[in-house]
Amino acid sequence: MSALCAPRFQFADRRVQAFNNMVRQIALLLALVSIVLSYDTQLLLSNLKGQQPLPRTVKPYIYLLELHPRLSEGYFNGSVDIHIQCLEPTKIIVLHAHQDLQLENITFTAISTGYAVPTIKEIERNDSTDTLTLTLEEELTERDSYQLHIEFNGLLKTADYQYTATSGGGFFRGTYMDERTLEMRWFAMTSMFPGSARRVFPCFDEPSFKAEFLIGVTHSINMTVLTGWPSYFNQSTEEEGYIKEYFGRTIRIAPFSVGVLVSSFNSSIAMNVTSSQGTTELAVHHVRAPYQPVSMTLAPKVLQFLEDYLQTRLPVNKVDIVAMPTIPYDVKSDFPGLILVQEYMVSDNFEDLHKYLVMQWLSHMVTPETWSAFNVSDVLASYLTTYALSQVSTKRPGFIGDPRSVMYDIFATNINVSSYGDFVPYTKERGVWFMNMLNESLGEQTFRKALGQYIRSNMYTTVTKDTLWSVMKQQALEDGTLPSNVSLQQVADSWLVPDCLRYPVLTVTRNYDDRSASLEQHVFSTELPRSLKLSEQALLWWLPIEYISPGTTVPHLASWMGTYYQEISGLPEEDEYIVVNPTDAGMFLVNYDPHNWRLLKRDFFQLPNKTREKLMNDVLLLANGGELDYKTALNFTLNLFDETDYSVRTPLPNQIRNIEALYSFTPVEEKFKMYLRRMMLSHGFDPSIQPDYQKDSNYANYWYLARELLLKVGYQPKVDEGHEHLQQIMPTFLVNDTSSGMVIFCPEFMRNGSEEDWEKHNEELQNFLNTEYESKPFLERSLAKCPGYSGLIERVLNRTLDDTAVFSSMTWYNMVNLITSSSKAQNISLEFFFKHYNELKHKFYFMQDMWTNMVSRLTDNIKTEGTLRKLNEFCKEHEGKLGYTQTVFDTAIKKARKTIEWCRRSLPDIKIWLDEVFPSAGVIEESNK
């Protein structure tokens with residue numbers, strides 16, 4: 001067997017491969033049922049409680065909507081005249097009206113003279129489906145037009161942070177203090193997402209029922225109304241101090257795109273944004289005094305970039321961005337020409353503000369027809385936002401990051417989504433990465449032309465979740481950048497599964513004799529033992545097989561892989577490497593045969609920076625997941641001693657965090673820390689000098705991670721700071737720890753201390769433990785190398801049995817940290833716990849937080865079969881008596897089994913490698929320093 005971990009599927013035995021393929025195909029059929037239900041149906045069920053679509057016998061084409069929010073009274077009233085066209089003869093009209101709306105004066109007439117006036121026979125409301133059904137005496141005539149008039153009133157909701165998923169959007173009111181007059185002021189706003197317009201006015205509340213709107217709002221003459229559309233007419237009302245203002249006529253929009261804001265503004269600024277498509281006015285308004293100085297340099301650039309990139313102008317002449325005192329939590333608040341955001345978001349640092357600009361095209365102009373199609377639009381909007389910001393910003397905004405940084409954490413920690421709503425940020429990051437994969441695989445020009453065509457050809461209409469992929473494939477076929485047998489719909493479906501965050505690893509095994517390679521994909525997992533569900537085992541992705549080789553930096557697209565196995569040919573000679581997925585465009589790891597890994601290590605610095613970063617991430621994750629032996633992986637990281645690009649260096653401290661708990665308390669711990677310490681401090685790295693994130697984000701990212709790691713593995717200047725602090729409390733002596741190459745210190749009373757010395761310094765020791773400083777975890781662990789350490793741990797443990805001892809929460813947690821800070825302390829403490837369990841439980845069981853903390857920490861770092869056996873025996877002996885800590889013990893046993901398996905599999909390779917790189921460790925000697 002080669003150094004490469006044994007693959008799950010042996011290419012030499014095609015019968016085994018065929019059998020495995022058959023099993024996976026059967027499992028795939030079962031998985032598809034789950035995927036289809038989660039992708040298409042779950043969003044509909046969560047948003048609209050499983051309601052059936054409205055009949056398509058009629059359609060609206062104009063709304064004459066009038067609203068009068070009565071802010072101080074807390075309600076609103078209004079009327080709507082809906083002009084509808086009959087698409088097929090019918091006596092029944094069904095539309096939406098939420099049960100919270102009170103309806104009256106419902107009339108139905110023919111618009112054109114000479115037509116018979118339909119008579120309403122029956123009016124029925126269904127609160128469970130939010131529908132209003134009108135049954136007519138006469139049948140409507142196909143192609144004829146009619147008018148439905150309804151008057152209504154409802155309560156204004158309170159605009160605060162108490163929004164829940166069941167309350168939905170609607171018409172809100174809120175208050176704020178005018179900082180100039182110190183008076184309380186009112187504002188009102190609609191805040192809607194698909195399916196919530198029915199809470200404001202009766203309508204055909206589905207995205208596919210797009211129509212034009214004329215909007216009238218009655219308001220105080222001291223207030224201003226914004227709707228996203230120009231005001232064209234005012235008229236006085238019977239109520240003194242009020243006017244009725246009319247807006248529109250709008251383009252064809254869905255009901256949820258109707259935005260209304262009634263307020264007064266403290267300040268406003270406006271600017272013209274000119275692109276190749278024309279000029280648009282961008283205005284920023286503050287309802288009250290600015291929360292912070294307005295920094296809107298990016299928003300105009302983003303708008304200009306999007307119009308140039310998409311070759312499509314916004315169909316509105318002005319976009320109003322309003323900084324609101326408060327907005328109902330998690331409710332849609334962007335409308336055509338009108339964007340409402342929290343005050344703190346009116347700055348360059350908040351991605352959502354710029355995403356709302358993108359949604360002007362992808363939600364309101366090109367409107368998804370089905371609820372699942374909104375997921376595709378949101379993915380595309382997130383990508384365009386991230387891409388636009390990367391193109392117009394020379395300084396990286398605070399909330400804009402490479403999606404790979406988030407997704408690599410998911411790779412490493414096996415986060416798996418159980419419900420769509422819980423991990424929306426991860427879904428967004430995955431979508432951005434997926435779109436980037438298409439951009440690079442199809443070519444930027446093809447991708448850009450397809451997006452522009454998608455928007456222009458579907459402006460003012462609705463789209464399904466397949467429309468984008470259809471347009472994109474057509475453009476790719478015209479440009480010759482996609483094989484005709486590849487379905488982009490299938491590609492998208494394989495990646496954009498809302499309830500799954502599993503990802504693939506591609507194994508590339510080269511045949512150097514005929515310059516070919518066998519490819520195999522399967523689910524990546526770091527779990528031990530692997531416990532994938534049947535549906536997860538069946539997951540299959542479409543992967544773009546792009547690679548580079550010596551002398552090339554532009555990836556060559558060899559094929560698309562939509563099967564578990566595939567062969568490619570025409571590869572370089574035996575002495576030349578290949579790198580698949582070299583730009584990290586696809587969300588998949590790549591493993592190679594041992595010879596190709598050796599070639600990549602040898603020619604590492606011939607590769608582009610992004611490729612070197614990709615390889616460093618992959619090699620560490622693959623080792624952590626058991627796909628690659630640690631000796632190969634760690635040997636590959638030695639290139640970092642000569643690496644000057646900090647984005648390439650960052651994967652090491654980032655990925656080491658995920659295995660820190662695994663290598664600690666093992667025989668390789670000291671040498672492994674020495675390796676990490678030397679690696680982090682190479683190239684003159686100084687963790688004491690804080691970087692400027694805006695000037696060099698790559699270095700800043702590395703600095704934070706490397707500094708955090710150094711504090712854990714030992715950084716001499718910080719250890720010396722801790723020593724200076726301890727010397728103020730008690731006498732100390734220094735030792736040279738040649739096993740770590742560091743100088744550490746010990747309390748003087750631990751060196752042949754008498755009973756009197758121990759008692760004398762007990763209070764000083766407690767003060768030391770209760771003091772917080774950066775290097776404390778390392779210093780606590782280094783105490784294990786001091787003489788008398790076992791006696792120290794035993795004395796601390798015995799104090800827990802002292803009936804006169806009183807523990808504050810801080811003292812308790814610091815004590816638990818000390819007695820679990822090293823493998824020696826852990827062993828002594830666990831034996832003590834087993835021996836005195838009943839006494840400890842009797843004393844601390846009813847202090848639930850403290851007792852749970854002790855149990856979880858003592859059972860958290862089990863690395864040997866012997867200790868696990870003792871824990872199992874203890875749990876069996878106390879079966880049914882562990883109380884609320886039963887789950888803690890169960891979790892500890894499961895974790896211990898996985899950790900022991902990791903140690904069995906990985907520690908021998910790590911030890912061999914460390915012994916080769918670092919000579920045997922010396923002994924601990926007292927220092928004369």
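None of the values given here were measured: they were computed from a predicted structure. For the numbers below, each heavy atom of this structure counts, side chains included, while hydrogens, waters and symmetry mates do not.
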Open item on the list: Between Trp495 and Trp542 (side chain of the first, backbone of the second, donor and acceptor by atom type, cut-off under 3.5 Å), is there such a pair?
Closed with: yes
- [ ] Report the distance from atom CG of Leu622 to atom OG1 of Thr632, rounding to the nearest 0.5 Å.
- [x] 11.0 Å
TODO: Using only heavy-atom distances, determine whether the side chains of Arg612 and Asn609 contain a donor-acceptor pair under 3.5 Å.
DONE: yes
Open item on the list: Checking the side chain of Glu546 only, and the main-chain atoms of Pro582 only, is there a donor and an acceptor separated by less than 3.5 Å?
Closed with: no
Task: Main-chain N/O of Gly562 paired with Trp541 side-chain donor or acceptor, under 3.5 Å - done: no
Task: For Asn853 against Tyr813, the heavy-atom pair lying closest together - done: OD1-CD2, 3.2 Å
- [ ] May I ask you to decide whether Lys898 forms a salt bridge with Glu901, counting only side-chain N to carboxylate O separations under 4.0 Å?
- [x] no
- [ ] Measure from the side-chain N and O atoms of Asn596 to the backbone N and O of Leu600, and report whether any donor-acceptor pair falls under 3.5 Å.
- [x] no
Open item on the list: Has Ser822 got a side-chain atom pairing as donor or acceptor with Ala784's backbone, closer than 3.5 angstrom?
Closed with: no
Open item on the list: side chain to side chain contact (heavy atoms under 4.5 Å, CB included) for Lys671 and Asp915? Distances and angles first, verdict last.
Closed with: CA-CA 8 Å; Lys671 282 190 177 181; Asp915 288 342; 2.7 Å; yes
TODO: State, to 0.1 Å, how close Ala517 and Leu571 come at their nearest heavy-atom pair, and which atoms those are.
DONE: CB-CD1, 3.5 Å
Task: Residue from Ile545, Leu543, Asn581, Val505 passing side-chain contact (heavy atoms from CB on, under 4.5 Å) with Val590 - done: Asn581
- [ ] Taking all heavy atoms of Met742 and all of Val713, pick out the closest pair and write down the distance.
- [x] SD-O, 4.5 Å
TODO: Kindly give the heavy-atom pair with the smallest separation between Pro653 and Thr650, and that separation in Å.
DONE: CD-O, 3.1 Å
- [ ] Look at Glu708 together with Lys712 and state whether they make a salt bridge at an N to O cut-off of under 4.0 Å.
- [x] yes
Open item on the list: The test is side chain to side chain contact (heavy atoms under 4.5 Å, CB included); show your working for Asp720 and Gln716 and say whether it passes.
Closed with: CA-CA 6 Å; Asp720 294 342; Gln716 192 66 57; 2.9 Å; yes
TODO: Indicate whether the side chain of Trp597 and that of Asn591 have a donor and an acceptor atom separated by less than 3.5 Å.
DONE: yes
Open item on the list: According to ring-ring contact (aromatic ring centres under 6.0 Å, His included), does anything in residues 601-629 pair up with another residue at least two apart or in another chain? List the pairs.
Closed with: Phe604-Phe636
Task: Aromatic contact, Tyr577 with Tyr592 (centres under 6.0 Å) - done: no
Task: Distance in Å, Glu536 CD paired with Arg502 CZ, rounded so as to fall on 0.5 Å steps - done: 4.5 Å
Task: Arg857, Lys776, Arg781, Glu780 screened by side-chain hydrogen bond (donor to acceptor under 3.5 Å, both in side chains) with Asn817, the one that passes - done: Arg857
Task: Within-4.5 Å side-chain heavy-atom neighbours: Leu711 and Pro777 - done: no
Open item on the list: Is it the case that the side chain of His595 and the backbone of Glu574 share a donor-acceptor pair, with hydrogens and angles ignored and the cut-off at 3.5 Å?
Closed with: yes
Open item on the list: With a 4.5 Å cut-off on side-chain heavy atoms, are Ser549 and Glu576 touching?
Closed with: no
TODO: Find out whether Val855 and Trp851 are in side-chain contact, i.e. whether some heavy atom of one side chain is under 4.5 Å from a heavy atom of the other.
DONE: yes
Task: Heavy-atom check, side chain of Val432 versus side chain of Asn436, under 4.5 Å - done: no
Open item on the list: Whether the side chain of Asp593 engages the backbone of Arg510 through a donor-acceptor N/O pair (distance < 3.5 Å, no angle test) should be reported.
Closed with: yes
Open item on the list: Test your reading of the model: is there a side-chain donor-acceptor pair from Asn698 to the backbone of Ser647, 3.5 Å cut-off?
Closed with: no
Open item on the list: Applying side chain to side chain contact (heavy atoms under 4.5 Å, CB included) to Tyr715 and Arg677, what does each step give before you reach the verdict?
Closed with: CA-CA 7 Å; Tyr715 176 49; Arg677 193 179 304 116; over 6 Å; no
Task: Lys/Arg N to Asp/Glu carboxylate O, Glu669 vs Lys863, below 4.0 Å - done: no
Open item on the list: For Leu871 versus Ala892, what's the shortest heavy-atom pair and its separation?
Closed with: CD2-CB, 4.4 Å
Open item on the list: Please determine whether a side-chain nitrogen of the Lys or Arg among Lys610 and Glu613 lies less than 4.0 Å from a carboxylate oxygen of the Asp or Glu.
Closed with: yes
- [ ] Evaluate the criterion side chain to side chain contact (heavy atoms under 4.5 Å, CB included) for residue pair Leu640 and Val648; output intermediate values, then yes/no.
- [x] CA-CA 8 Å; Leu640 295 179; Val648 182; 4.2 Å; yes
Open item on the list: Between Thr885 (side chain only) and Val888 (backbone N and O only), is there a donor and an acceptor less than 3.5 Å apart?
Closed with: no
Open item on the list: What's the separation between atom CD in Glu865 and atom CG in Leu868, rounded to the nearest 0.5 Å?
Closed with: 6.0 Å
Open item on the list: For Phe524 and Tyr503: C-alpha separation, side-chain torsions, deciding distance, then whether ring-ring contact (aromatic ring centres under 6.0 Å, His included) applies.
Closed with: CA-CA 6 Å; Phe524 176 76; Tyr503 295 91; 9.5 Å; no
Open item on the list: For Tyr646 and Tyr702, take the angle between the two ring planes, folded into 0 to 90°, and tell me which bin it lands in: parallel under 30, tilted 30 to 60, perpendicular over 60.
Closed with: tilted
- [ ] Specify the closest pair of heavy atoms between Lys601 and Asn635, including all atoms of both residues, with the distance to one decimal.
- [x] CE-O, 2.9 Å
Open item on the list: Please report the interatomic distance CG(Leu783) to CD1(Ile793), rounded to the nearest 0.5 Å.
Closed with: 8.0 Å
TODO: Spell out, as yes or no, whether a donor-acceptor pair under 3.5 Å connects the side chain of Asn827 to the backbone of Ser823.
DONE: yes
Open item on the list: So that I can tick it off, tell me whether Asp890 and Lys894 are bridged by a salt bridge, with the cut-off set at under 4.0 angstrom between side-chain N and carboxylate O.
Closed with: no
Open item on the list: Can you confirm whether Leu662 sits close enough to Ser906 that some side-chain heavy atom of one is under 4.5 Å from a side-chain heavy atom of the other?
Closed with: no
Open item on the list: Any heavy-atom pair between the side chains of Val579 and Leu615 that's under 4.5 Å?
Closed with: yes
Open item on the list: Is there a side-chain contact between Met680 and Leu652 in this structure, where contact means two heavy atoms from C-beta onward sitting under 4.5 Å apart?
Closed with: yes
Task: Reported CE-to-CG distance for the pair Met616 and Leu620, which is rounded to 0.5 angstrom - done: 7.0 Å
- [ ] If the plane angle is over 60° it's perpendicular, under 30° parallel, otherwise tilted; pick one for Phe833 and Tyr837.
- [x] perpendicular
- [ ] Check the surroundings of atom NZ in Lys870: do more than 12 heavy atoms from other residues, nucleotides or ligands lie under 6.0 Å from it?
- [x] no
Task: Proximity of Tyr630 and Trp902 rings by center, below 6.0 Å - done: yes
- [ ] Kindly indicate whether the side chain of Val668, heavy atoms from C-beta on, has any atom under 4.5 Å from the side chain of Tyr675.
- [x] no
TODO: Mind checking the CG-CD1 spacing from Leu830 to Ile828? Nearest 0.5 Å is all I need.
DONE: 11.5 Å
Open item on the list: Under a 3.5 Å threshold, yes or no: a donor from one side chain and an acceptor from the other, between Ser518 and Glu567?
Closed with: yes
